[in-house]
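Read through the structure below, which is laid out as structure tokens, and then see the notes.
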There are 2 protein chains.
Amino acid sequence: MATLADVARHAGVSTATASRIINGSPKPVADALRTRVLAAVAELKYVPNAHAQMLARSHRSAVGVIVHDVSDPYFAEITRGLQRVATADGRLVIICNSFREPDRELEYIDLLHAHQVAAIVIAGSGYLDPATAARLDDRLRAFEATGGRIAVIGRHEHTGDAVLPDNEQGGYLAGSHLLELGHTEIAVLTGPTPLTTTFDRLKGLQRAARKFGARIPAARIHAADFTRDGGEAVAAQLLAEHPSVTAIAALNDSMAVGTLAALRATPDRRVAVIGFDDMPIARDVTPALTSVRLPLTELGERAMTLALGTAGDAPRVERVKVELIVRQSTWPR
Amino acid sequence: MATLADVARHAGVSTATASRIINGSPKPVADALRTRVLAAVAELKYVPNAHAQMLARSHRSAVGVIVHDVSDPYFAEITRGLQRVATADGRLVIICNSFREPDRELEYIDLLHAHQVAAIVIAGSGYLDPATAARLDDRLRAFEATGGRIAVIGRHEHTGDAVLPDNEQGGYLAGSHLLELGHTEIAVLTGPTPLTTTFDRLKGLQRAARKFGARIPAARIHAADFTRDGGEAVAAQLLAEHPSVTAIAALNDSMAVGTLAALRATPDRRVAVIGFDDMPIARDVTPALTSVRLPLTELGERAMTLALGTAGDAPRVERVKVELIVRQSTWPR
DNA sequence: ACGGTCTAGGAAAGCGCTTACCTAGGGGTT
DNA sequence: AACCCCTAGGTAAGCGCTTTCCTAGACCGT
């Protein structure tokens with residue numbers, strides 16, 4: 001492994017000069033030396049050691065991203081936005097998958113902290129349990145205390161820079177839509193119950209029901225895991241248990257797609273389905289999915305912009321509007 | 001920012017002792033000291049500087065991954081496999097998106113090299129252009145020369161550890177399937193032409209045609225960009241230009257889904273569609289997509305296993321079989 | 001020809017950590 | 001009681017780089 005010292009020796013200069021030439025420092029250097037050093041770099045195939053660089057110029061440049069799972073299209077879209085902004089700013093982004101496990105999330109926060117990232121962006125639902133939330137917050141604060149910046153997407157329990165989609169309002173829109181179409185026997189497919197996203201969307205749904213003088217009973221609210229297959233399994237069960245249900249609200253599109261699959265397996269049932277997030281796949285399934293749209297890529301872009309911007313005095317919170325996209329999967333009762 | 005020295009001072013020990021305690025070194029240490037140091041760590045919220053650690057124990061632990069685009073489901077699936085294996089091995093994985101630009105890929109190879117990763121896994125098609133391929137290979141060799149390991153997924157032009165899906169055979173399977181169903185007017189939607197994946201799949205398609213004494217004319221082969229929207233646009237155009245076409249082979253599922261969308265917009269045409277990759281979405285579109293299945297997650301797992309395994313004497317090449325999955329989007333002419 | 005002012009390049013001090021090596025004291029042996 | 005050995009802990013030398021500060025020579029003016 002060639003080092004700066006090797007290059008310098010090879011070119012007959014000091015490491016100081018070599019470093020300056022390689023990094024294009026403003027200090028003027030004779031052309032002859034420059035040529036020799038550059039030649040040495042090429043010949044030795046020298047690649048600077050990033051760790052040594054970070055250590056020497058104690059200045060942070062990478063940024064960290066913690067998501068539940070990048071291979072989930074929901075997070076893939078957010079990540080796309082995150083990366084676009086970070087890359088445009090010339091930064092390396094380190095992506096970590098927490099797989100919705102608070103402990104893993106904790107571990108990654110420390111890992112990113114250890115790697116001296118300039119900022120950490122956390123996307124994905126927070127945890128309802130106060131103890132869990134506090135534990136995470138504590139590590140986040142420790143990171144902030146060293147000058148790191150933090151931005152979160154969709155976790156209102158963290159007080160700091162945040163981009164918050166209005167999940168509650170989304171739930172309300174979804175519920176109102178179904179109720180306005182005349183559906184009264186509505187079932188809900190939720191995500192994991194410890195997540196704030198689940199909680200908020202459900203809350204909006206109930207608010208809509210209340211407006212219509214109704215209430216979705218707990219028996220018709222089934223928890224799944226935000227995945228397509230999980231959604232299909234729970235939807236199948238739900239369909240069997242509740243013959244009178246005429247509409248299902250799935251709290252994300254993956255589960256809505258699973259629900260559509262379950263429905264395909266029970267051709268005798270005609271049930272309206274509404275999803276959440278408006279992922280790209282929504283328009284390609286049949287029937288095309290009615291969904292509450294979250295501007296995922298934009299969410300990512302805005303969060304990264306916050307994270308890379310200069311630290312404000314007060315935490316900046318950007319609320320993001322959601323929008324109902326009506327397609328063919330919902331119809332009047 | 002608390003450093004090891006701060007912790008040591010705070011606990012009244014030397015940095016050596018503090019380091020040993022924190023890292024659980026085998027060297028025995030009195031319990032009293034251990035307690036004091038750990039208390040200091042907690043109190044100062046000390047997090048070790050990963051860069052300094054890497055530098056001091058010059059031993060590589062992270063691994064790098066270069067894919068075209070993680071938010072593309074194809075790469076998301078591969079990445080999932082990659083991560084599973086790497087994480088199980090306790091390694092940080094750094095994901096880089098090349099967006100199919102050779103220059104960016106080059107840049108990332110050097111960046112990962114600079115970050116002293118233990119291994120680099122490159123997923124995604126290689127480049128047909130010999131000059132481009134050579135340029136990349138050169139940087140890869142430089143990385144290998146310093147003791148780094150490399151594994152590639154689906155680029156046969158790199159001689160080293162590789163996991164190679166049999167794209168040519170996949171093309172052959174797709175072509176044979178369509179021809180056996182009696183389709184003769186077959187059109188093809190390819191990916192970007194400089195990519196080896198495009199080339200190989202097309203080659204297999206032509207081999208199948210030859211077996212049936214036919215040949216797919218260049219006029220019926222349209223290049224798109226492997227995206228859903230790109231596929232839809234080109235498919236629409238292709239449909240308009242070739243009224244007699246009865247089957248379309250799209251060289252990946254995203255474009256096949258786009259083709260299905262284009263077909264939905266032209267209800268008078270009944271055209272069979274076959275995709276490639278068998279992404280999760282294939283079974284959820286209507287008609288469910290016939291596709292040539294690549295075991296994407298497995299591809300990732302095997303590549304990472306190769307990359308993390310001990311360096312072999314000879315390059316290890318694992319060929320991966322593809323499989324035709326027949327669903328409802330193809331039918332007899 | 002002399003002093004003064006620039007300037008290009010080098011010497012060396014870290015950045016925060018690990019670890020090989022050393023030391024001092026405690027305990028065992030005879 | 002003298003000796004040796006072992007062990008817990010400390011000292012300090014790097015890991016590879018950046019950057020401040022310094023030096024020596026070039027150049028200018030008079």
Side-chain angles (χ1 to χ4, degrees), chain A residues 1-38 40-41 44-62 110-111 113-118 146-148, chain B residues 1-38 40-41 44-62 110-111 113-118 146-148:
Chain A
M1 180 93 207
T3 69
L4 219 217
D6 295 332
V7 172
R9 198 172 321 121
H10 204 264
V13 301
S14 72
T15 58
T17 305
S19 170
R20 290 200 266 257
I21 292 174
I22 293 172
N23 296 301
S25 124
K27 191 146 191 174
V29 171
D31 280 346
L33 294 195
R34 162 162 291 113
T35 318
R36 256 154 57 202
V37 168
L38 262 19
V41 165
L44 300 179
K45 292 180 189 304
Y46 168 71
V47 176
N49 182 321
H51 296 302
Q53 285 187 316
M54 302 266 71
L55 197 57
R57 48 176 175 224
S58 36
H59 116 225
R60 298 135 167 251
S61 98
D110 279 353
L111 185 144
H113 181 162
H115 278 258
Q116 312 293 109
V117 296
T146 68
Chain B
M1 180 95 206
T3 70
L4 219 217
D6 295 333
V7 171
R9 198 173 320 120
H10 204 263
V13 299
S14 71
T15 58
T17 304
S19 169
R20 291 200 265 258
I21 292 173
I22 293 171
N23 296 300
S25 123
K27 194 146 188 173
V29 171
D31 280 347
L33 294 197
R34 162 162 293 114
T35 319
R36 257 158 53 205
V37 168
L38 263 19
V41 166
L44 300 179
K45 292 183 190 302
Y46 168 70
V47 176
N49 182 321
H51 297 302
Q53 286 186 316
M54 302 265 71
L55 196 56
R57 50 176 175 224
S58 37
H59 115 227
R60 300 139 164 245
S61 97
D110 278 353
L111 185 144
H113 181 163
H115 277 258
Q116 312 293 109
V117 296
T146 68

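Just the heavy atoms: all of them, side chains too, but no hydrogens, waters or symmetry mates, feed the values below. Labels below follow one simple rule: chain letters A, B, ... track the order of the sequence lines, proteins then strands, and each chain is numbered from 1.
The interatomic distance linking R57(B) (CZ) with dT19(C) (P) rounds to 7 Å, in whole Å. One interatomic measurement links the two molecules: CG of N49(B) to P of dC17(D), which rounds to 16 Å at whole-angstrom precision. Atom CE in M54(B) sits roughly 15 Å away from atom P in dC17(D) (whole-Å rounding). One interatomic measurement links the two molecules: CD of Q116(B) to C1' of dC15(D), which rounds to 10 Å at whole-angstrom precision. dG9(D) atom P lies 16 Å from atom CG of L4(B), rounded to whole Å. Counting to the nearest Å, the P atom of dT18(D) and the CD1 atom of I22(A) are 8 Å from each other. When rounded to the nearest whole Å, the span between CG of L33(B) and P of dT7(D) equals 17 Å. Taking atom NE2 of residue H59(A) and atom P of nucleotide dC17(D), one finds them 17 Å apart after rounding to whole Å.
Checking the phosphate oxygens (OP1, OP2) of dT18(C), a side-chain nitrogen or oxygen of S19(B) falls inside 4.0 Å. OP1 or OP2 of dG9(D) has not a single side-chain nitrogen or oxygen of T17(B) nearer than 4.0 Å. Dashed line: the shortest gap from a side-chain N or O of T3(A) to OP1 or OP2 of dG16(D) is not under 4.0 Å. Dashed line: the shortest gap from a side-chain N or O of Q53(A) to OP1 or OP2 of dG16(D) is not under 4.0 Å. Contact between the side-chain N/O atoms of S58(A) and the OP1/OP2 oxygens of dC15(C) is not found at any separation under 4.0 Å.
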*Determine, stepwise, if the pair V7(A) / V37(A) fulfils side chain to side chain contact (heavy atoms under 4.5 Å, CB included).*
CA-CA 7 Å; V7(A) 172; V37(A) 168; 4.2 Å; yes
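The residue among P48(B) and K27(B) whose nearest nucleotide of DNA chain C lies closer to the 5′ end is P48(B). If A30(B) and M1(A) are placed on DNA chain D by their nearest nucleotide, the residue sitting closer to the 5' end is A30(B). Both S14(A) and L55(B) lie close to DNA chain C; mapped to their nearest nucleotides by heavy-atom distance, the more 5′-ward contact belongs to S14(A).
Taking every side-chain heavy atom of R20(B) into account, dA20(C) is the closest of dA20(C), dA11(C), dC17(C).
Annotation for Q53(B) and P48(B): closest pair NE2-CB, 3.7 Å, computed over non-hydrogen atoms. Here the shortest heavy-atom pairing between A18(B) and L4(B) reads CB-CD2, 3.6 Å. Of all heavy-atom pairs between D6(A) and M1(A), the closest is OD2-O, 3.8 Å. Closest approach of L33(A) and T17(A) over heavy atoms only: CD1-CG2, 4.2 Å.
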